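Note sheet for the following structure.
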Amino acid sequence: MTHLQSFLLELGKGFAFIGRQYRITLGNRNHYVDLVFYHRILKCFVLIDLKREEANYQDVGQMNMYLGYFESEENTESDNPPIGIVLAKEKDELVIQYAMHNVSSQLFVQNGIAIVH
């Protein structure tokens, strides 16, 4: 958590904590976003998914699903599209590259951190 706090502080000020293990229900199934923040300056939700192992294509798809949900169900008219961040121990560049192919959200990957914007 200390490293995560440092990471968020590097992103800048304006983060408001919304929830941990934030539950969203799609159909009859619950899904949980590890951390949810609202960035009051950017006027958008920031979703963070923590992975202890390597980031993979399922993680990209899962975050894209979370982003779609938040944009459709949680955003208000004045909100900007949500930002998703997948923090992982490591990643396979080629797997992440193909996982991002034709993803409607912008997806950025940097040194083991996959960021969906």
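Computed from a predicted model, the values in this text were never measured in an experiment.
- One distance of note links CD of Glu73 with CG of Leu26; it measures 8.5 Å at 0.5 Å rounding.
- Counting heavy atoms from C-beta outward, Asp34 and Ile48 have side chains that stay 4.5 Å or more apart.
- More than 12 heavy atoms of other residues, nucleotides or ligands lie within 6.0 Å of CD in Gln58, so this atom counts as buried by the packing criterion.
- In this structure, the side chains of Val46 and Tyr38 stay at 4.5 Å or more apart for every pair of heavy atoms.
- The OG1 atom of Thr25 lies 7.0 Å from the OH atom of Tyr69; values are rounded to the nearest 0.5 Å.
- Contact record, Asp49 with Gln62: OD2-OE1, 3.2 Å, taken as the closest heavy-atom pair.
- Separating the CG atom in Leu42 from the CG atom in Asp79 is a distance of 11.0 Å, to the nearest 0.5 Å.
- Across every non-hydrogen atom of Gly84 and Leu67, the tightest pair is N-CD2, 3.6 Å.
- With 3.5 Å as the limit, one finds a donor-acceptor pair spanning the side chains of Glu74 and Tyr22.
- Using a cut-off of 4.0 Å between Lys/Arg side-chain N and Asp/Glu carboxylate O, Asp59 and Lys51 are scored as salt-bridged.
- Put simply, Ile24 and Val86 are part of the same group of oily side chains (I, L, V, M, F, W, Y) that touch within less than 4.5 Å, one to the next.
- You'll find the side chain of Tyr66 stays beyond 4.5 Å of the side chain of Asn64, heavy atoms only.
- Ile96 has its side chain within reach of Val60: a pair of non-hydrogen atoms, C-beta onward, lies under 4.5 Å apart.
- Heavy-atom minimum distance, Glu71 versus Pro82: CB-CD, 3.9 Å.
- At least one side-chain heavy atom of Phe45 sits under 4.5 Å from a side-chain heavy atom of Asn75.
- Taken to the nearest 0.5 Å, the OH atom of Tyr32 stands 13.0 Å off from the CZ atom of Arg20.
- Within 6.0 Å of atom OH in Tyr57, 12 or fewer heavy atoms from other residues, nucleotides or ligands are found, so the atom counts as exposed in its surroundings.
- Separation of atoms NE2 (His39) and CD1 (Ile18) is listed at 12.5 Å; rounding is to 0.5 Å.
- Within the model, atoms NE2 of His31 and CZ of Arg23 stand 11.5 Å from one another, a figure rounded to the nearest 0.5 Å.
- Contact between Lys13 and Ile41 at its shortest, heavy atoms only, is O-CD1, 3.5 Å.
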Could you give me the CA-CA distance, side-chain angles and deciding distance for Phe17 and Val36, then say whether side-chain contact (heavy atoms from CB on, under 4.5 Å) is met?
CA-CA 7 Å; Phe17 179 73; Val36 177; over 6 Å; no
